[in-house]
Structures are given as C-alpha cells and as structure tokens.
Amino acid sequence: MKLIARRTLLAAALTLPAFTALAAPLTMGFSQVGAESEWRTANSASIKSAAKEAGITLKFADAQQKQENQVKAIRSYIAQKVDVIAFSPVVESGWDTVLKEAKTAGIPVILTDRAVKVADPSLYVTFIGSDFVEEGRKAAKWLLERAAKTPNASLNIVELQGTVGSAPAIDRKKGFEEVIKTNPKLQIIRSQSGEFTRAKGKEVMESFLKQRDKKIDVLYAHNDDMAIGAIQAIEEAGLKPGVDIVIISIDGVRGAFEAMKAGKLNVTVECNPLLGPQLMQLAKDVVAKKPIEKRITVTEGVFPAEVAAKELPNRKY
C-alpha cells in the first residue's frame, strides 16, 4: 500500500500545471545620465534600492552624460535579452535607431525623468517624471509675485541653463519665459549652459559677473547644483547671494534648503528624484501587458526660503 501511495503522489507531482513553478525574476536594464548633481545621486539610489526591494534584477549603467554611452548600454541590454529597458536620456533627439532595435527585439522601453523626441511614439511605452515646463512656470510665477511688490522696478535676469539639448533645459527655459513675458520689466539679459554641475555653474556665473554693462538682479538656475556653484561666485565677487541677487532654482535637494536657511537662496521648485518604487511597479505592469498611461507626472511643490528651516529635516534627498 505504501509503494502504491508513493507512486500516486509522484504521478500527481509530475502532472502539476506549469504555472506552479516559480517565475524567473524580472530583469531591467537601466541607463542613467550620470552623477552630475545631488538630484541624480538620489535618483540612482532610489532606483537601485527599489529594484532590490521589488525583487527585480537590475543592470545599471552610468552614461557619464554622454549619449553614445547610453546607446551602447541599451544595445548591450538588447543583446542580453532583458525583460524591460528604462533610461533617463542625456538629450532629447537621436534615439530613433536604437529604440527601433529594442522594439524589433520585443523589449519594452520606459523613459524616466527626461523625455525624447522620436518620429514614432510607439518606440517607448511610457514616460514617468516631472513636468519641466510647469517647473519653469512655477519659478517665474514666484518671481512675478515678488516683482509685484515693487511694480516700477525693472529686473535684469541671468539664466544658468542645463545640459544643451536636454529636455529639462529646454522645457524649464520655455516655461519660465512663457510667464515672465507677461511683465515687460523682467528681462533675461544673459543665458548660458552650466551643464547642471556646481563647477560649471560657478564658472559661468563668474563670467556673468565680469560683464558689468548691466546690473544683475536675479539668477534663474535650472537646477540647485548650478545655483550653489553660482552662490560661491557671487560671494567671491563681494556680493550677498539672496540679497544683492535674488536666486531661483529647481530640484529641491537638501543643499538648496541649507542654502535657503543660510539666507543665500530665495526659492527652489521641487523636482522629485525618488522615482524608483513607481518605476519598478511600472516595469512589472508593462511586462504583464497591463494598460499604461503614456505620461505619468509626479506631484511637486514650491519651497521659498521662509519654510526652509521647518522643511529641511523632512528632506529625503
């Protein structure tokens, strides 16, 4: 009887349906822009920790702000037959060919943080990130409100743009200009790329300050790191940042809140880098072929210097 029972159990085990077997872990290939700022460091950390928590095998590559490195990484992921590819593009254009290769291989692509311009939108499944145009608008609206307190004053603005050709640089400029043109007394007198880095932000601000044809009233920086670099240049020039020159920036990193608390920066517009958990859930949904919205925008706020001391302990990046 025991022998018959064992044979029966063995036969039952062999006829169990295939879906009872453990599924292989989902594999994601992720190409990051680089590590050019506090924001990017926090973004990478969020992606890595969320992948681990979600049980997703992550193949992570740092492109060091070079598009050719990202293209190489994406082709490597295609060759490795990963389940899904995600990346934050260095620039907007030049992706059609490699994304067609991913589509031909049947590998879905998710854009994070930055968008792309492609002839065929079906080359990527979805985009998750901030509305950069709206961030520019928020920065300009804050300045309009401040300018309204001295309605007869003209304000000369200098602008530190992000990486040339990148979505945040293009859109943050567009949104800012869209709003300030409603007040002819607000004029951008100089605009140059600071490449989203502190070192370059400092270097470009030094150049702006040496051009003494017009007084600088306001600095609009496309990210906090460039603003922090510019603060150093302003102080070395014998001026008081946040007082002699009003400073507006975007990202909302801890360093910006510290600068605001010290009275050296006036406002930062939030751009949330902690996209990891949402990205991992998206990857699972995409691979499961669930319906996905083409654009997923995160909710963000505006933080003036007045709230910096209270908000600083709450910052996670």
Side-chain angles (χ1 to χ4, degrees), residues 23-92 94-95 97-103 105-116 118 123-130 132 162-163 165-168 195-198 223-225 251 253-254 271-288 292 296 298 316-317:
L26 186 153
T27 299
M28 172 189 287
F30 187 90
S31 176
Q32 182 61 283
V33 172
E36 75 283 1
S37 63
E38 283 187 47
W39 191 98
R40 191 64 56 189
T41 301
N43 181 239
S44 294
S46 175
I47 290 165
K48 290 175 181 178
S49 63
K52 185 176 181 180
E53 188 171 329
I56 290 175
T57 300
L58 181 68
K59 296 180 180 294
F60 187 95
D62 182 335
Q64 298 179 325
Q65 294 186 283
K66 295 180 180 179
Q67 185 178 30
E68 59 266 32
N69 290 344
Q70 289 199 303
V71 172
K72 182 179 178 181
I74 292 170
R75 286 191 171 131
S76 171
Y77 298 147
I78 294 170
Q80 294 174 64
K81 298 180 180 180
V82 300
D83 298 299
V84 62
I85 292 171
F87 75 112
S88 296
V90 174
V91 294
E92 283 191 334
W95 301 104
T97 300
V98 72
L99 293 187
K100 284 178 184 175
E101 293 170 16
K103 185 175 181 179
I107 301 174
V109 173
I110 300 172
L111 304 177
T112 74
D113 173 43
R114 300 181 179 186
V116 298
V118 289
L123 294 179
Y124 66 93
V125 179
T126 186
F127 162 83
I128 177 172
S130 302
F132 299 133
T163 304
S166 68
E195 299 175 3
F196 284 130
T197 69
R198 292 191 186 192
N223 83 338
D224 292 333
D225 278 78
D251 272 357
V253 301
R254 176 173 288 274
C271 181
N272 189 353
L274 307 180
L275 304 179
Q278 284 181 279
L279 175 60
M280 298 310 146
Q281 185 57 54
L282 259 182
K284 291 180 178 180
D285 292 345
V286 165
V287 171
I292 302 291
I296 300 168
V298 295
K316 295 180 180 178
Y317 53 92

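The first residue of the sequence shown is numbered 1, and numbering continues consecutively from there.
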| Mind checking what makes salt bridge (charged side-chain N to carboxylate O under 4.0 Å, His left out) contact with D251, not counting sequence neighbours? | R172

| If every non-hydrogen atom of C271 is compared with every non-hydrogen atom of Y317, which pair is closest and at what distance? | O-OH, 4.1 Å

| field | Pairing residues for T163 by the side-chain contact (heavy atoms from CB on, under 4.5 Å) criterion, not counting sequence neighbours | value | Q65, S166, F196

| How far does CD1 of I47 sit from CZ of F60, to the nearest 0.5 angstrom? | 6.0 Å

| task | Please report the closest heavy-atom contact between D62 and V33, naming both atoms and the distance. | result | OD1-O, 4.0 Å

| message | Could you work out, with side chain to side chain donor-acceptor pair (under 3.5 Å) as the rule, every residue matching S37, not counting sequence neighbours? | response | none

| Can you name the side-chain contact (heavy atoms from CB on, under 4.5 Å) partners of T57, sequence neighbours left out? | P25, T27

| query | How far apart are the closest heavy atoms of R114 and P168, and which atoms are they? | reply | NE-CG, 3.6 Å

| said: Do L275 and N43 have side chains that approach each other closer than 4.5 Å (heavy atoms only, starting at C-beta)? | reply: yes

| request: For Y124, check ring-ring contact (aromatic ring centres under 6.0 Å, His included) against everything at least two apart and list the hits. | output: none

| request: Provide the closest heavy-atom pair for P273 versus A42 in the form atom of the first, atom of the second, distance. | output: CG-CB, 3.9 Å

| Of all pairs that satisfy ring pair (Phe, Tyr, Trp, His ring centres under 6.0 Å), the ones with a partner from residues 64-84, not counting sequence neighbours | none

| Taking it one step at a time, do W95 and L123 satisfy side chain to side chain contact (heavy atoms under 4.5 Å, CB included)? | CA-CA 9 Å; W95 301 104; L123 294 179; over 6 Å; no

| Out of L99, V84, T126, which one pairs with V109 under the side-chain contact (heavy atoms from CB on, under 4.5 Å) rule? | L99

| query | What pairs of residues pass the ring pair (Phe, Tyr, Trp, His ring centres under 6.0 Å) test when at least one of them lies in residues 33-54, not counting sequence neighbours? | reply | none

| Smallest separation among heavy atoms of T112 and S88, with atom names | OG1-OG, 2.6 Å

| message | Taking side chain to side chain donor-acceptor pair (under 3.5 Å) as the definition, give me every residue that meets it alongside S46, ordered by chain and number, with sequence neighbours left out. | response | none

| said: Show me the pairs that pass salt bridge (Lys or Arg N to Asp or Glu O under 4.0 Å) and involve residues 37-57, at least two apart or across chains. | reply: E36-R40, E38-R198, R40-D113

| said: The criterion is side-chain contact (heavy atoms from CB on, under 4.5 Å); which residues satisfy it with E101, sequence neighbours excluded? | reply: R75, I78, T97, V98

| Gap separating the CZ atom of R254 from the NZ atom of K316, nearest 0.5 angstrom | 11.5 Å

| field | Distance, nearest 0.5 Å, that separates CG of D225 from CD of E195 | value | 13.0 Å

| field | Those residues that, when tested against A54, pass side-chain contact (heavy atoms from CB on, under 4.5 Å) (two or more places apart) | value | I56, M280, K284

| Can you name the nearest heavy-atom pair linking L279 to A86, along with the distance? | CD1-CB, 4.2 Å

